[in-house]
2 protein chains.
Amino acid sequence: MDKKTLENGEAVADGSICGYDSLHQLLSANLKPELYQEVSRLLLGSNCGRPLEQIVLPDSARALSSKHDFDLQSASFSADKEQMRNPRVVRVGLIQNSIALPTTAPFPDQKRGIFDKLKPIIDAAGVAGVNILCLQEAWTMPFAFCTREKRWCEFAEPVDGESIKFLQELAQKYNMVIVSPILERDIDHGEVLWNTAVIIGNHGNIIGKHRKNHIPRVGDFNESTYYMEGNTGHPVFETVFGKIAVNICYGRHHPLNWLAFGLNGAEIVFNPSATVGELSEPMWPIEARNAAIANSYFVGSINRVGTEVFPNAFTSGDGKPQHNDFGHFYGSSHFSAPDASCTPSLSRYKDGLLISDMDLNLCRQYKDKWGFRMTARYEVYADLFTSYIKPDFKPQVVSDPMLHKNSS
Amino acid sequence: MDKKTLENGEAVADGSICGYDSLHQLLSANLKPELYQEVSRLLLGSNCGRPLEQIVLPDSARALSSKHDFDLQSASFSADKEQMRNPRVVRVGLIQNSIALPTTAPFPDQKRGIFDKLKPIIDAAGVAGVNILCLQEAWTMPFAFCTREKRWCEFAEPVDGESIKFLQELAQKYNMVIVSPILERDIDHGEVLWNTAVIIGNHGNIIGKHRKNHIPRVGDFNESTYYMEGNTGHPVFETVFGKIAVNICYGRHHPLNWLAFGLNGAEIVFNPSATVGELSEPMWPIEARNAAIANSYFVGSINRVGTEVFPNAFTSGDGKPQHNDFGHFYGSSHFSAPDASCTPSLSRYKDGLLISDMDLNLCRQYKDKWGFRMTARYEVYADLFTSYIKPDFKPQVVSDPMLHKNSS
């Protein structure tokens with residue numbers, strides 16, 4: 001966590017200059033309690049009129065966190081009591097992690113190293129009674145897409161491949177739904193690659209998959225070198241614990257992508273991501289919370305941690321010298337709720353497990369309260385989009401008549 | 001700004017317990033400079049790699065601010081220099097204010113009182129060289145819609161009515177576009193009321209109008225008592241200073257509404273609002289910034305200030321006793337930019353004028369950088385919405401086959 005310098009001499013904007021672990025840790029450590037409380041109300045919102053409370057987790061989970069040095073945090077979202085339905089409390093987990101071995105290590109060792117590193121974190125989720133767990137984007141590998149080297153395609157595997165089998169055992173053992181975002185190799189369609197989330201049921205069965213809908217073409221994140229826009233629509237997976245969906249990484253910048261999962265009935269949408277500080281950090285707490293508010297569902301946001309250094313230098317289309325990494329993945333995984341509350345984030349630096357209880361009744365309560373679905377006028381937008389996608393679309397512009405007098 | 005108590009004994013959550021004026025004032029006053037700098041980076045983002053700078057405003061504007069006791073703040077958004085276009089810097093202003101007289105005063109006096117109160121603030125904008133100015137929602141009146149009393153309809157006026165004439169003179173005097181959100185009386189359509197923003201050109205001409213698209217039905221904000229969903233689409237107004245649009249109040253909760261103004265080419269979208277702390281304050285900084293990011297345009301957010309007490313008590317559909325106000329309008333007006341940066345907010349309590357220089361070239365630069373428009377796959381959503389609006393729409397749900405085994 002020391003301040004460090006890239007090869008090109010730039011200081012890394014990783015916050016270590018202030019020696020803090022996360023925004024909320026910094027604020028709570030440096031503000032008087034009554035001020036922190038008010039700042040928290042403004043920044044994190046409140047849930048049923050109260051700040052979020054932590055969950056009492058079993059000692060066995062805490063012991064794993066200490067032994068394997070990962071961040072373990074928790075928070076509980078409640079909902080109002082209803083008369084016609086019982087509460088539907090589910091326990092949901094997010095895991096963020098760095099890679100285990102240098103990117104120069106043999107690929108099988110790198111992959112196995114990540115399995116070994118994740119095992120105790122998943123065990124902690126299991127012993128803590130997590131019902132639904134989501135891992136980070138392309139969790140089996142370094143996020144090597146910045147290199148544009150095709151050899152990293154070796155990490156791709158089919159939906160029933162090695163990493164899924166590893167998780168299926170744990171899903172069954174802990175009666176836990178696991179969302180596993182991988183680089184998918186579609187053998188049945190000529191070895192096409194996809195960025196895919198596989199949904200593993202709590203019996204270890206594969207419920208289905210979703211392929212990333214929106215592919216970035218920005219800076220080091222031109223992932224279209226490796227895979228194309230997904231062809232699975234916006235599926236919502238009905239599990240025994242609730243209806244879930246996955247908005248993979250760059251899809252979080254697209255309000256329409258979030259909305260479509262909502263229209264299909266999602267109660268929890270995961271956003272497994274890989275993103276770095278200079279590019280996106282000020283957006284990170286905004287987009288997920290906005291989606292939770294606008295769509296009356298919970299969002300679980302995950303970002304990997306650490307700086308991944310690659311063997312061959314690459315350029316980034318920004319005129320700067322070639323370099324071997326593309327910045328600090330700032331972690332900061334967190335949950336957002338339909339009532340605009342959100343949890344403090346996990347560390348910007350450490351592996352971590354964030355566990356949250358959430359009463360899914362809150363989703364419908366907020367649909368009823370705010371009526372966003374009811375007041376949305378989708379027919380207006382169906383017409384607009386149908387018109388917009390035509391090449392001869394003309395935007396609705398009202399020009400000031402004086403404008404042309406001015407310019408003549 | 002003392003802590004106060006409503007008639008029903010509840011403490012008002014107006015932040016006065018901590019004696020602060022705005023979140024950022026609180027943070028800057030209580031954190032060491034280097035910590036505040038890092039917190040600002042995370043909370044406010046940065047613009048072209050730097051914190052936002054203030055503008056040097058003329059003494060005459062500062063003198064008006066002192067004499068008439070309104071908050072005057074400024075910030076400047078820059079953009080990268082381009083080779084094919086010159087910078088397009090416009091100076092944009094937002095005004096937030098409380099009402100001038102008690103709601104028991106004669107209506108013409110109340111309205112005139114607001115005119116008199118706004119005049120020096122608009123003058124300050126004028127002498128500061130503001131090019132485009134936006135006032136708050138229904139600025140000519142108390143936000144009386146909570147009462148459900150029809151007598152407040154008297155404040156409605158046609159698009160060429162008294163308040164617009166008042167502003168047309170100032171627009172012409174200062175060569176300034178003014179956005180005037182009023183309660184509109186549509187005489188040509190049988191005295192129908194609308195919640196409307198009138199766009200006054202810099203020559204004092206009326207360029208056009210937009211009527212609020214989404215009408216809330218929540219708590220004290222069931223405004224459908226007074227007006228219905230707008231019928232003006234999503235117009236973008238091409239002024240000599242740039243392309244602007246208006247997303248009125250509750251429309252900010254609808255990402256589709258923001259998006260439609262973007263598809264029609266808006267570079268600045270104003271969000272004149274009236275909203276209170278308990279209901280929406282944690283959402284306030286989220287939704288506008290998300291819109292600015294997702295649509296690559298600037299957003300100007302305005303909320304009125306103060307607590308408005310009405311002569312007749314009313315209930316709020318929350319089981320609580322009748323009362324005469326519906327909470328504290330928390331001001332906190334601010335600008336958001338396409339690069340995820342935003343200005344600190346105006347006061348939560350005082351009238352205020354926020355002035356911002358913005359190089360509109362930043363909009364296209366961020367469209368080019370992030371490519372959200374290009375990667376949005378609108379055809380997918382055109383299909384989805386066309387299907388969704390049909391009564392027999394079936395959501396895309398993949399059920400765990402084990403689910404039905406469990407429940408049998």
Side-chain angles (χ1 to χ4, degrees), chain A residues 15 18 23 30-31 34-35 38 42 45 201 203 205 207-208 214 217-218 229 233-240 253-256 259-260 263-265 282-283 286-287 289-290 293-294 340 369-372 375-379 381-382 384-386 388-389 395-400 402-403 406, chain B residues 15 18 23 30-31 34-35 38 42 45 201 203 205 207-208 214-215 217-218 229 233-240 253-256 260 263-265 282-283 286-287 289-290 293-294 340 369-372 375-379 381-382 384-386 388-389 395-400 402-403 406:
Chain A
C18 301
L23 172 64
N30 288 282
L31 292 173
E34 67 273 20
L35 292 184
E38 180 62 9
L42 293 172
H203 295 90
N205 54 312
I207 299 178
H214 300 272
R217 289 151 170 83
V218 49
E229 281 71 13
H234 295 87
V236 166
F237 301 95
E238 186 183 22
T239 77
V240 66
H253 304 302
H254 286 283
L256 286 170
L259 174 58
L263 296 183
N264 285 325
M283 302 179 178
I286 302 294
E287 294 161 319
R289 284 183 75 187
N290 190 75
I293 295 166
K369 174 173 178 176
W370 278 99
F372 295 148
T375 58
R377 307 183 72 185
Y378 295 112
E379 70 287 357
Y381 300 97
L384 174 62
F385 287 129
T386 302
Y388 182 79
I389 57 179
Q396 185 187 353
V397 176
V398 180
S399 292
D400 184 350
M402 304 297 284
L403 200 56
N406 287 345
Chain B
C18 300
L23 171 65
N30 288 282
L31 292 173
E34 69 272 21
L35 291 184
E38 180 62 8
L42 293 172
H203 294 89
N205 55 311
I207 300 178
H214 301 273
I215 309 299
R217 289 153 171 81
V218 50
E229 281 72 13
H234 296 87
V236 166
F237 301 95
E238 187 183 21
T239 77
V240 66
H253 305 301
H254 286 283
L256 285 171
L263 295 183
N264 285 325
M283 303 178 176
I286 302 295
E287 293 161 318
R289 284 183 74 187
N290 191 76
I293 296 166
K369 174 173 179 176
W370 278 99
F372 295 148
T375 58
R377 305 183 73 185
Y378 295 112
E379 69 288 357
Y381 300 97
L384 175 61
F385 288 127
T386 302
Y388 182 80
I389 57 178
Q396 185 187 355
V397 175
V398 179
S399 292
D400 183 350
M402 304 296 285
L403 200 57
N406 287 346

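In the text below, chain A, chain B and the rest are named by the order of the sequence lines, each starting its count at 1.
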Visitor: Does the side chain of A:Phe237 reach to within under 4.5 Å of the side chain of B:Val397, using non-hydrogen atoms?
Guide: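 Not touching, per the 4.5 Å side-chain cut-off.
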Visitor: I'd like to know which of B:Ile215, B:Asn30, B:Leu263, B:Thr239 tops the heavy-atom pair count under 4.5 Å against chain A.
Guide: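 Maximum pair count with chain A is reached by B:Leu263.
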Visitor: So which of B:Tyr388, B:Tyr381, B:Tyr378 has the biggest tally of heavy-atom pairs under 4.5 Å with chain A?
Guide: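 Option with the top pair count is B:Tyr381.
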Visitor: Are the side chains of B:Thr375 and A:Arg217 in touch, meaning some heavy atoms are under 4.5 Å apart?
Guide: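 Side-chain contact under 4.5 Å: yes.
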Visitor: To the nearest 0.5 Å, how far apart are CZ in B:Arg377 and CD1 in A:Ile389?
Guide: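 That separation rounds to 12.5 Å.
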Visitor: Does any heavy atom of chain A fall under 4.5 Å from the side chain of B:His254, the backbone, both, or neither of them?
Guide: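 Side chain only.
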Visitor: Looking at side-chain heavy atoms only, is the closest gap between A:Asn205 and B:Asp400 below 4.5 Å?
Guide: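 With C-beta onward as the side chain, the pair touches.
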Visitor: Need one label for A:Phe372: side chain, backbone, both or neither, based on atoms under 4.5 Å from any heavy atom in chain B.
Guide: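 Both backbone and side chain.
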Visitor: Using the test side chain to side chain contact (heavy atoms under 4.5 Å, CB included), find all partners of A:Gln396 that sit at least two apart in sequence or belong to another chain.
Guide: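 Here the qualifying residues are B:His234, B:Pro235, B:Asn264.
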Visitor: Any idea which of A:Leu384, A:Thr386, A:Leu31, A:Leu42 has the most non-hydrogen atom pairs under 4.5 angstrom with chain B?
Guide: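 Result: the option with the highest number of such pairs is A:Leu42.
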Visitor: Counting only heavy atoms closer than 4.5 Å, note whether A:Ile207 contacts chain B via side chain, backbone, both or neither.
Guide: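 Contact with chain B is through both the backbone and side chain of A:Ile207.
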Visitor: Quick one: what part of A:Leu256 sits under 4.5 Å from any heavy atom of chain B, side chain, backbone, both or neither?
Guide: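 For A:Leu256, backbone and side chain are both near chain B.
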Visitor: Using heavy-atom distances under 4.5 Å, tell me whether A:Ile293 contacts chain B through its side chain, its backbone, both, or neither.
Guide: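 The side chain, not the backbone.
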Visitor: Less than 4.5 Å apart, side chain to side chain, heavy atoms only: is that true for A:Val236 and B:Pro395?
Guide: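 A side-chain contact under 4.5 Å is absent here.
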Visitor: Do B:Val240 and A:Met402 make a side-chain contact, defined as non-hydrogen atoms from C-beta onward lying under 4.5 Å apart?
Guide: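 When only atoms from C-beta onward are counted, A:Met402 and B:Val240 do not touch, as no gap falls below 4.5 Å.
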Visitor: For the candidates B:Ile286, B:Leu23, B:Val218, which exhibits the highest count of non-hydrogen atom pairs separated by less than 4.5 Å from chain A?
Guide: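 The residue among B:Ile286, B:Leu23, B:Val218 with the greatest pair count is B:Ile286.
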Visitor: Would you call B:Asn290 and A:Met283 a side-chain contact if the rule is heavy atoms closer than 4.5 Å?
Guide: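 No. Closest side-chain heavy atoms not under 4.5 Å.
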Visitor: B:Leu403 and A:Glu238: side-chain contact (heavy atoms from CB on, under 4.5 Å), yes or no, with the steps?
Guide: CA-CA 8 Å; B:Leu403 200 57; A:Glu238 186 183 22; 3.6 Å; yes
Visitor: I need the residue from A:Ala340, A:Pro255, A:Ala376 with the largest number of non-hydrogen atom pairs under 4.5 Å to chain B.
Guide: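 Looking at each of A:Ala340, A:Pro255, A:Ala376 in turn, A:Ala376 comes out on top.
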